[in-house]
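Below: one structure, written as structure tokens.
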Number of protein chains: 4
Amino acid sequence: MWFRVDYHSGVPIYEQIKERIKEAILKGEFDDSNPVPSVRELAKALGVNVNTVVRAYREFEMEGFLRAQPGVGYFVGDVERLREKILCDKLQQLSLLLKELRDLGFSKEDALRILEDAWRGEVR
Amino acid sequence: MWFRVDYHSGVPIYEQIKERIKEAILKGEFDDSNPVPSVRELAKALGVNVNTVVRAYREFEMEGFLRAQPGVGYFVGDVERLREKILCDKLQQLSLLLKELRDLGFSKEDALRILEDAWRGEVR
Amino acid sequence: MWFRVDYHSGVPIYEQIKERIKEAILKGEFDDSNPVPSVRELAKALGVNVNTVVRAYREFEMEGFLRAQPGVGYFVGDVERLREKILCDKLQQLSLLLKELRDLGFSKEDALRILEDAWRGEVR
Amino acid sequence: MWFRVDYHSGVPIYEQIKERIKEAILKGEFDDSNPVPSVRELAKALGVNVNTVVRAYREFEMEGFLRAQPGVGYFVGDVERLREKILCDKLQQLSLLLKELRDLGFSKEDALRILEDAWRGEVR
DNA sequence: GTGGTCTAGACCACT
DNA sequence: GTGGTCTAGACCACG
């Protein structure tokens, strides 16, 4: 697969895997001709224990964003709900963060500048 | 002191203490007539072990935001540097968050609305 | 490990541990085939409590000279920065010490002799 | 008296007092017409507890550098021995420090430059 | 009273 | 196995 785990970030490896899988799902990188990699395949590609990948997938399954089909593999679930959930989380973070900045004496004008910068940057 | 620790949040208690002390320092709640509570005093008030408070205070000391005076107590250090450090951290978070929202298809106009809301809200 | 703590020196044990680890890092004694000893291992070898070793390691981590990898172990960090920091500290000490000797009536010639002696001695 | 204690240095106050008294003795600032200040006098001048000054003086007495004359005051003792003791201590420190610098890869030439600087500076 | 250090245990999450 | 956190005690030096 197309990423590497960071053993020194403090972030649990299974969380890093979840994050990357989540991004790939949102970008629509998985479909019938390009399925979610199997547990063993991904574990081998990342040089990581199989259990670590299993945990990442299982947690996604519980949240409804992957469906396990025993003996076959994992398939993407409700992408749109995933997108909405993430968007909702991020918006709450944004609102909280802005209020904190305001309380720290940060000006609305400077915040506006940063906002403009974000939308001016290229899409990764 | 005037807060309670959450034993079930997963956030280490000493981090919770650091967070609250940090807020209080930023609000200028500590001075000569209203000093930082002693480790034993705070530990007792929170129903927490002394060592847990000691750790929170010591980390602040290493970062230069509290000064320990053995046999006397803890005193606030460089408040302005603390404020700048926090502001810098928050701005990085903001920039990252905005880019993620953009990549999720969120419109600049909606982001602007949230920004306006934040500065319209009352200062706590 | 290969040293013993001195319980009666007045120097905190975790400081003694930091000092020895620092020397070992500077000498390049740690790498992938010879990793930093685990906290439990070192604590047992020194006959010291685990927490005491943990404190020594954690302070090094906060200073950037060790990196903790939960579930795996500690690894050496930025050795070169460590070397520079120590050199800087020692040079300040040297400058101060020489001025004190001068003020005590010590002659430059005698100081030169001691300097020559130091560089004539063998490298340990 | 002519100095202030630093409550935030971590160095015990009685040690700071000893250090300053030691310097004054070495500079010959005390004689019959200019005696060592009384315990109460010094304590008041420094805004410090009497016991703290008593401790500093008593330790000097045990080392033979001050003599207590009950009901009268303290008088300077064997100044020359004090000077020799300090010189000896500093020389050991110097030798040790130079060897450490050498082991850190510091060049003799650079050390020489620092030495020259020290004797070029003015006497305080 | 204050902070500073240390011990002997314990439980947790991660690999 | 690893590190991370926490507790309940203890003793010390300082003011």
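In the text below, chain A, chain B and the rest are named by the order of the sequence lines, each starting its count at 1.
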Intra- and interstrand pairs of DNA chain E - dot-bracket, Watson-Crick/G-U under 3.5 Å, | marks other strand: ||||||||||||||.
Could you tell me whether B:Lys27 and B:Glu23 make a salt bridge, using a distance below 4.0 angstrom between a side-chain N and a carboxylate O? no
Whole-Å gap separating C1' (F:dG3) and CD (C:Glu59): 16 Å
The test is salt bridge (charged side-chain N to carboxylate O under 4.0 Å, His left out); show your working for C:Arg81 and C:Glu84 and say whether it passes. CA-CA 5 Å; C:Arg81 235 192 70 211; C:Glu84 278 170 23; over 6 Å; no
Sequence neighbours left out, what pairs pass salt bridge (Lys or Arg N to Asp or Glu O under 4.0 Å) with at least one residue falling in residues 6-17 of chain D? none
Heavy-atom nearest nucleotide on DNA chain F for B:Gly71 versus C:Ser38: which residue maps closer to 5'? C:Ser38
Salt-bridge test for C:Glu80 and C:Arg83: reply yes if a basic N is under 4.0 Å from a carboxylate O, no otherwise. yes
Rounded distance in Å - CZ (B:Phe60) to P (E:dG3): 16 Å
Quick one: do C:Glu63 and C:Lys22 make a salt bridge, cutoff under 4.0 Å? no
Looking at residues at least two apart in the chain, or sitting in another chain, which of them share a side chain to side chain contact (heavy atoms under 4.5 Å, CB included) with C:Asp31? C:Ser33, C:Asn34
Non-neighbouring partners of A:Thr52 that pass side chain to side chain contact (heavy atoms under 4.5 Å, CB included), sequence neighbours left out: A:Ile13, A:Tyr14, A:Ile17, A:Val48, A:Asn49
Tell me which donor-acceptor pairs under 3.5 Å the side chains of residues 64-76 of chain B have, and how far apart each pair is, sequence neighbours excluded?
{"from": "B:Arg67", "atom 1": "NH1", "to": "D:His8", "atom 2": "ND1", "distance (Å)": "3.2"}
{"from": "B:Arg67", "atom 1": "NH1", "to": "D:His8", "atom 2": "NE2", "distance (Å)": "3.0"}
{"from": "B:Arg67", "atom 1": "NH2", "to": "B:Val76", "atom 2": "O", "distance (Å)": "3.4"}
{"from": "B:Gln69", "atom 1": "OE1", "to": "D:His8", "atom 2": "ND1", "distance (Å)": "3.1"}

Would you list the protein and nucleotides 4-8 of chain F atom pairs, both N or O, that sit under 3.5 Å from each other?
{"from": "F:dG4", "atom 1": "OP2", "to": "C:Tyr74", "atom 2": "OH", "distance (Å)": "2.6"}
{"from": "F:dT5", "atom 1": "OP1", "to": "B:Tyr14", "atom 2": "OH", "distance (Å)": "2.8"}
{"from": "F:dT5", "atom 1": "OP2", "to": "B:Arg55", "atom 2": "NH1", "distance (Å)": "3.1"}
{"from": "F:dT5", "atom 1": "OP2", "to": "B:Arg55", "atom 2": "NH2", "distance (Å)": "2.9"}
{"from": "F:dC6", "atom 1": "OP1", "to": "B:Ile13", "atom 2": "N", "distance (Å)": "2.1"}
{"from": "F:dC6", "atom 1": "N4", "to": "C:Asn51", "atom 2": "OD1", "distance (Å)": "3.2"}
{"from": "F:dC6", "atom 1": "N4", "to": "C:Asn51", "atom 2": "ND2", "distance (Å)": "3.3"}
{"from": "F:dT7", "atom 1": "OP2", "to": "B:Asn49", "atom 2": "N", "distance (Å)": "3.2"}
{"from": "F:dT7", "atom 1": "OP2", "to": "B:Thr52", "atom 2": "OG1", "distance (Å)": "2.6"}
{"from": "F:dA8", "atom 1": "N7", "to": "B:Asn49", "atom 2": "ND2", "distance (Å)": "2.5"}
{"from": "F:dA8", "atom 1": "N6", "to": "B:Asn51", "atom 2": "ND2", "distance (Å)": "2.6"}

